[in-house]
Amino acid sequence: MSEQAIETLITNAIHSAFIKYPEGDGGPNLDYEWIAPDQSAHITKAILQDLAASGYQIVKKGA
């Protein structure tokens, strides 16, 4: 799995979490698109950089 594919997978997971579970603090009238996809991508990059700086890397099971 390429580095780009991993970034895309994590970005989509982060973004979908905000869409699927929007009630956090906004109540029932919260806009379901309250975090933009580019913000999810920014969070992903920060997570991956922090993991790499701590010596971790993401690998596919069985690889």
Side-chain angles (χ1 to χ4, degrees):
M1 187 175 246
S2 73
E3 189 173 323
Q4 183 60 43
I6 292 168
E7 273 193 36
T8 301
L9 182 69
I10 295 171
T11 298
N12 289 342
I14 291 169
H15 189 69
S16 67
F18 282 101
I19 292 170
K20 290 178 184 174
Y21 307 102
E23 291 82 20
D25 62 352
N29 298 321
L30 184 63
D31 180 7
Y32 278 74
E33 294 292 334
W34 67 287
I35 183 170
D38 63 318
Q39 291 173 320
S40 296
H42 182 74
I43 293 167
T44 299
K45 288 182 190 303
I47 290 169
L48 290 173
Q49 286 175 353
D50 193 46
L51 288 171
S54 297
Y56 294 95
Q57 78 183 129
I58 296 174
V59 295
K60 187 175 180 181
K61 269 185 162 179

What's the separation between atom OG1 in T11 and atom CG in L48, rounded to the nearest 0.5 Å?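 The distance works out to 8.0 Å.
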- Message: Rounded to the nearest 0.5 Å, what separates atom CD1 in I10 from atom CD1 in I47?
- Response: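 So the CD1 of I10 and the CD1 of I47 are separated by 7.0 Å.
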What pairs meet the salt bridge (charged side-chain N to carboxylate O under 4.0 Å, His left out) rule with one or both residues in residues 45-54, with sequence neighbours excluded?
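Of all non-adjacent pairs touching residues 45-54, those that pass salt bridge (charged side-chain N to carboxylate O under 4.0 Å, His left out) are E7-K45.
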Non-hydrogen side-chain atoms of T44 and L9 separated by less than 4.5 Å: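 T44 does not reach L9 side chain to side chain.
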